[in-house]
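Step one of this worksheet: look at the structure below.
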Amino acid sequence: MRVNYMFTVYNEPELLARTVSKLQHPQAYFYIHVDGKKDIEPFMKSLKRLPHVFFLTGDARINVEWGDISMVQAELNLMRAVVADTKEGYCVLISGQDYPIKSTAYIHDYFAARYPAEFIHAEPLEETEPVIRRIMNRHARWHWITVAGKFKIVVFPWRFVACSGWRFFDMRCLKKLCSWKMIANCCNLFFTRRKFPADLHLYASETWFEITTRTAERVLRKIEEHPEYMAYYRTFGLPEESMLQSIILSDTEGKRDWAGDFLLYVNRNRSDENGMPVPCDIDLTAADISDVEDKIKNAPDKLFARKVSLNEVALLERIDSLTN
């Protein structure tokens, strides 16, 4: 069973090399998208001695912005590279900060034993918690436009135009905001009501997943046949957490083979200084060693951990000592 790892990376090339080295297997292949804003050379240099490594280059590289359609475009380019090899197996979408917490043999045996199951963390919109439902409804009904990678202009048709962001304005952003093209786009979207594609069901999801290559091929074919999918999600809030997952799970075969949650351990149990839960993925540190050990020993369906750094030497060494 061939396992195709699809990495989206932007930093820590040495950590990526360590991860790819750990995942080496005769049936393991590695497809890597380096953010178009970053220098690709350090990544290519760090992996040049490892087999079955393929970098996306040229137009296949995308300048990725968080919460923007550019992330989906990078994922689709990775899928195209895998499907072009026409090998049956799995597509494992992970970032450069995700690290295996099971042995390579275990990972390959796991996929082989469960093929053709699809592993996607997702819920239909109507089954999500009320707070998630409100957020997803905003993402689905409003237009979200990324500006200079700093913030978003939010257009609620026939209601208002606002700016959502957490950074101060700079001249680059201001220039884009005040351009006639941006003003025209906002005006056009203000009078354009959102219409979700009729043959899709909206799912709230996570970015990462493990799907079969035949499902990846179906996704690419559907996007080519239905340009309205990309048109709709181009101004969706956080499209990477809904678009591909909704396409897969709205399909009869994808829904039939859906095995439930993804295979990634994410720690969301930490609180901020005010005692409030941290809403996003947190970096794992040496303080999380006991939790990670528990997932290694007692969570057979968690194959990778998110998020790690090469600076956390004690954590990485402990993981390796338990999984090599």
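Computation of the quantities below employed the complete heavy-atom set of this structure, encompassing side-chain atoms and omitting hydrogens, waters and symmetry-equivalent molecules. Along the sequence shown, the residues carry numbers beginning at 1.
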Inter-residue atom distance Leu78.CG - Leu93.CG, 0.5 Å rounding
7.0 Å
To the closest 0.5 Å, what do you measure between OG1 (Thr212) and CE (Met1)?
9.0 Å
Sub-4.5 Å side-chain heavy-atom contact between Lys22 and Asn324
yes
Verify the distance criterion only: is there a donor paired with an acceptor across the side chains of Arg134 and Asn137 at less than 3.5 Å?
no
Is it the case that over 12 heavy atoms from other parts of the model lie below 6.0 angstrom from the CZ atom of Arg256?
yes
Indicate the atoms forming the closest heavy-atom contact of Glu127 with Glu123, along with that distance.
O-OE2, 3.6 Å
Could you tell me whether Lys37 atom NZ has more than 12 heavy atoms of other residues or ligands within 6.0 Å of it?
yes
So, for Ile69 and Pro239, which heavy atoms are closest and what is the spacing to 0.1 Å?
N-CG, 3.6 Å
Point-to-point distance, once rounded to the nearest 0.5 Å, from OG of Ser246 to CG of Asp199
11.5 Å
Within the side chain of Tyr90, is there an N or O that forms a donor-acceptor pair under 3.5 Å with the backbone of Ala117?
yes
Quick one: do Tyr10 and Trp208 end up in the same hydrophobic cluster if we chain Ile, Leu, Val, Met, Phe, Trp and Tyr together by side-chain heavy atoms under 4.5 Å apart?
no
State, with a plain yes or no, whether a side-chain heavy atom of Tyr5 is found less than 4.5 Å away from one of Phe304.
yes
Quick one, Asn11 and Gln97 - any side-chain contact, counting heavy atoms below 4.5 Å?
yes
Taking atom CD as the centre, does Glu225 end up with more than 12 heavy-atom neighbours from other residues, nucleotides or ligands that are less than 6.0 angstrom away?
yes
Angle class for the His52/Tyr29 ring planes (parallel below 30°, perpendicular above 60°, tilted otherwise)?
parallel
Is there side-chain contact between Met136 and Thr128, with heavy atoms separated by less than 4.5 Å?
no
From CA spacing to verdict: side chain to side chain contact (heavy atoms under 4.5 Å, CB included), Asp291, Tyr265
CA-CA 10 Å; Asp291 288 337; Tyr265 163 56; 3.7 Å; yes
Sub-4.5 Å side-chain heavy-atom contact between Asp283 and Ser309
no
Taking Ser46 for the side chain and Glu14 for the main chain, is one N or O donor matched with an acceptor at less than 3.5 Å?
no
Shortest non-hydrogen contact from Ala122 toward Tyr203
CB-CD2, 4.1 Å
I'd like to know whether the aromatic ring centres of Phe54 and Tyr31 sit less than 6.0 Å apart in this structure.
yes
Output yes when a side-chain donor or acceptor of Ser205 lies under 3.5 Å from a complementary backbone atom of His121, and no otherwise.
yes
Value for CH2 (Trp66) from CG (Leu238), rounded to nearest 0.5 Å, stands at 4.5 Å
Test item: Arg234 and Gln73 side chains (from C-beta on) under 4.5 Å apart, heavy atoms
yes
To the nearest 0.5 Å, what is the distance between SG (Cys91) and CD (Glu118)?
9.5 Å
How about Ile211 and Met79: do any of their side-chain heavy atoms sit closer than 4.5 Å?
yes
More than 12 heavy atoms from other groups under 6.0 Å of CG on Asp59:
no
Give a yes/no verdict on a cation-pi contact between Arg114 and Tyr110, requiring under 6.0 Å between NZ or CZ and the six-membered ring centre and an angle within 45° of the axis.
yes
Is there a continuous path of hydrophobic side-chain contacts, each under 4.5 Å between heavy atoms, that joins Val313 to Leu16?
no
With heavy-atom distances below 4.5 Å as the criterion, would you say the side chains of Leu23 and Phe30 are in contact?
yes
Leu202 vs Ser242, test: side chain to side chain contact (heavy atoms under 4.5 Å, CB included). Steps then yes/no.
CA-CA 7 Å; Leu202 182 59; Ser242 177; 3.3 Å; yes
Counting only N and O atoms by type, is there a donor-acceptor contact under 3.5 Å from the side chain of Arg218 to the main-chain atoms of Ile248?
no
Out of Leu263, Leu303, Asp320, Val292, which one pairs with Ile101 under the side chain to side chain contact (heavy atoms under 4.5 Å, CB included) rule?
Val292
Show the nearest heavy-atom pair for residues Pro42 and Pro13, with the distance to one decimal.
O-CB, 3.8 Å
Side chains of Glu228 and His226: donor-acceptor distance under 3.5 Å anywhere?
yes
Examine Met230 and Leu244 and state if one hydrophobic cluster contains both, with Ile, Leu, Val, Met, Phe, Trp and Tyr joined whenever side-chain heavy atoms are less than 4.5 Å apart.
yes
Walk me through it: do Ile223 and Met243 pass the test side chain to side chain contact (heavy atoms under 4.5 Å, CB included)?
CA-CA 10 Å; Ile223 288 175; Met243 179 178 170; 3.9 Å; yes
Just checking, any donor-acceptor pair under 3.5 angstrom between side chains of Glu126 and His201?
yes
Could you walk me through whether Lys302 and Phe262 pass side chain to side chain contact (heavy atoms under 4.5 Å, CB included), step by step?
CA-CA 8 Å; Lys302 295 302 177 186; Phe262 59 7; 4.1 Å; yes
Checking Arg18 against Ser21: is there a side-chain donor and acceptor pair closer than 3.5 Å?
no
Residues Arg214, Asp257: salt bridge by 4.0 Å N-O rule:
yes
Could you measure the distance from the OH atom of Tyr233 to the CG atom of Leu200? Nearest 0.5 Å is fine.
6.0 Å
Please check if the side chain of Glu312 supplies one atom and the backbone of Ala286 the other of a donor-acceptor pair under 3.5 Å.
yes
Mark yes or no for whether Asp109, through its side chain, and Tyr106, through its backbone, hold a donor-acceptor pair below 3.5 Å.
no
Minimum heavy-atom distance Asp35-Arg61, with the two atoms named
O-NH2, 2.7 Å
For the student: nearest non-hydrogen atoms of Tyr232 and Pro197, plus distance
CG-CD, 3.7 Å
